[in-house]
Amino acid sequence: MHVYSADALVLRTYRYGEADRIVVFLTEDRGKKRGVAKNASRSRRRFGAALEPLTRGRATYVEREHRDLVRLDRVEPSQMPFGAGPAAADADGAHRLGHAAYFAELVDEWAPENAANERLFRLGAAVASALVSAPSVDALARYFEYWLLRLEGVYPALDRCPRCGRDTFGEGAVFVVADRAYVCRNCSAGGLKLSAEAVGFLRTSGRLAPIDAAAAAVGVGPLREIEQAHHALMALHLDKELRSARVVRELRPAT
C-alpha cells in the first residue's frame with residue numbers, strides 16, 4: 001500500500017453505490033487515476049464541492065497492488081469552477097461551467113492511464129485558471145482545442161499548403177476532412193472554410209498565454225469557423241462527438 005499526495009485536476013465523477021463516487025483525476029506527476037471516494041455524496045468535510053469537473057487541488061490517495069482503483073481520501077481545492085462566472089444560475093455562468101466540463105472531458109479522453117503527461121496537466125491547469133475571468137470563453141475554448149491537438153501531435157500544419165507548397169494561408173484556408181489537413185483556397189474543391197481572421201487567431205495562439213488568447217480581438221464568425229474545423233478533427237481521432245460539446249452549444253448565450 002502506498003499513500004500519495006499530488007497536485008491534481010478533477011476530470012469527472014459518477015455514482016458508485018449509495019454514497020460513494022468514482023472520481024477520475026489527472027495528477028501532475030503520475031498521470032490519470034481512477035479512485036473511489038468513500039461517502040463522497042455525504043461527506044462535505046473531505047470533499048464538499050471539490051469534485052466538480054476541472055477543480056484543481058491537492059489530492060491524497062492510496063494505491064494498492066493489483067487494484068485498478070485507488071482510494072481517494074481527500075481533495076483540498078485551490079481553484080474551483082464555481083468561480084467561473086458571476087453566478088452559475090445566469091447564462092454566462094452556466095456557459096462557463098459547461099466549458100469546465102467540456103475541457104475536463106477532452107483532457108480525460110487524451111490523458112493516458114497511470115502515465116505522467118506534464119504538458120497536458122499544465123495546459124489543463126492554465127486554461128482552468130483563465131476560465132474564471134476569460135473575456136471570451138469561446139476564444140479560450142478554441143485556444144484549448146488548438147493546443148490539445150497540437151500537444152498530441154495531430155494538429156495540421158498552418159505554415160504552407162501541402163498541395164501547392166505556397167504560404168497563402170494569410171488569405172484564409174480550408175480544412176479538408178478526408179486529408180486531415182488545411183489547404184489553400186486555390187487547392188480546395190470543398191471543405192470547411194476558415195477566414196483570414198480565423199487563421200490569424202490560430203497562428204497567434206501558438207505564442208499566447210490562455211488569458212491573452214481569451215482577450216484577443218476575434219469575431220464570433222471566425223470562432224465558429226474554427227470550432228467546426230476542430231470538432232471535425234477531434235471526431236476523426238476520437239470516433240465520436242463529446243456529450244459535453246453538445247451541452248456547451250445548448251448553453252451558449254444568445255448573441
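At a threshold of 4.0 Å, the pair Asp7-Arg56 counts as salt-bridged, since one of the basic side-chain nitrogens sits closer than that to a carboxylate oxygen. With respect to Arg249 and Glu227, no salt bridge is recorded, no charged nitrogen being found less than 4.0 Å from a carboxylate O. Ion pairing between a basic and an acidic side chain is recognised when a charged N comes within 4.0 Å of a carboxylate O; Arg71 and Glu63 show no such pairing.
Between Arg142 and Tyr146, the side chains place no donor N or O within less than 3.5 Å of an acceptor N or O (distance only, hydrogens not considered). Side-chain atoms of Tyr155 and His230 form a donor-acceptor pair, as typed in the model, at a separation below 3.5 Å.
Residues passing the side chain to side chain donor-acceptor pair (under 3.5 Å) test with Arg203, sequence neighbours excluded: Asp167. Residues satisfying the side chain to side chain contact (heavy atoms under 4.5 Å, CB included) criterion with Glu76, sequence neighbours excluded, are Arg58, Arg74. For Pro222, the side chain to side chain contact (heavy atoms under 4.5 Å, CB included) criterion is met by Ser195, Glu197, Ala198, Val218, Glu225, not counting sequence neighbours.
In Tyr16, the OH atom is not crowded: 12 or fewer heavy atoms of neighbouring residues, nucleotides or ligands sit closer than 6.0 Å. Other residues, nucleotides and ligands contribute at most 12 non-hydrogen atoms within 6.0 Å of the CZ atom of Arg67. Atom CD of Glu18 is surrounded by 12 or fewer heavy atoms from other residues, nucleotides or ligands within 6.0 Å. Heavy atoms of other residues, nucleotides or ligands lying less than 6.0 angstrom from CG of Asp159 number more than 12.
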| said: Using ring pair (Phe, Tyr, Trp, His ring centres under 6.0 Å), reason through Tyr143 and Phe201 one step at a time and then give a plain yes or no. | reply: CA-CA 9 Å; Tyr143 171 93; Phe201 173 78; 7.6 Å; no

| field | Intermediate values then yes/no, salt bridge (charged side-chain N to carboxylate O under 4.0 Å, His left out), Asp138 and Arg224 | value | CA-CA 9 Å; Asp138 288 328; Arg224 295 289 184 272; 3.6 Å; yes

| Leu140 vs Phe103, side-chain contact (heavy atoms from CB on, under 4.5 Å): CA-CA, chis, key distance, verdict | CA-CA 10 Å; Leu140 182 63; Phe103 296 156; 4.2 Å; yes

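Within the structure, every pair that satisfies the salt bridge (Lys or Arg N to Asp or Glu O under 4.0 Å) test and touches residues 118-135, not counting sequence neighbours, is listed here: Glu118-Arg122. Within the structure, side-chain hydrogen bond (donor to acceptor under 3.5 Å, both in side chains) contacts touching residues 98-109 (residues at least two apart or in different chains) are Lys32-Asp108, Tyr102-Glu145, Tyr102-His231, Glu105-Ser244, Glu109-Lys240. For residues 170-181, the salt bridge (Lys or Arg N to Asp or Glu O under 4.0 Å) pairs, not counting sequence neighbours, are Arg163-Asp179.
A donor-acceptor contact shorter than 3.5 Å is absent between the side chain of Ser129 and the backbone of Ala126.
We find the CZ-CG distance between Phe169 and Leu194 to be 10.0 Å, quoted to the nearest 0.5 Å.
Val62 is not connected to Val24 by any chain of hydrophobic side-chain contacts under 4.5 Å among Ile, Leu, Val, Met, Phe, Trp and Tyr, and they are in different clusters.
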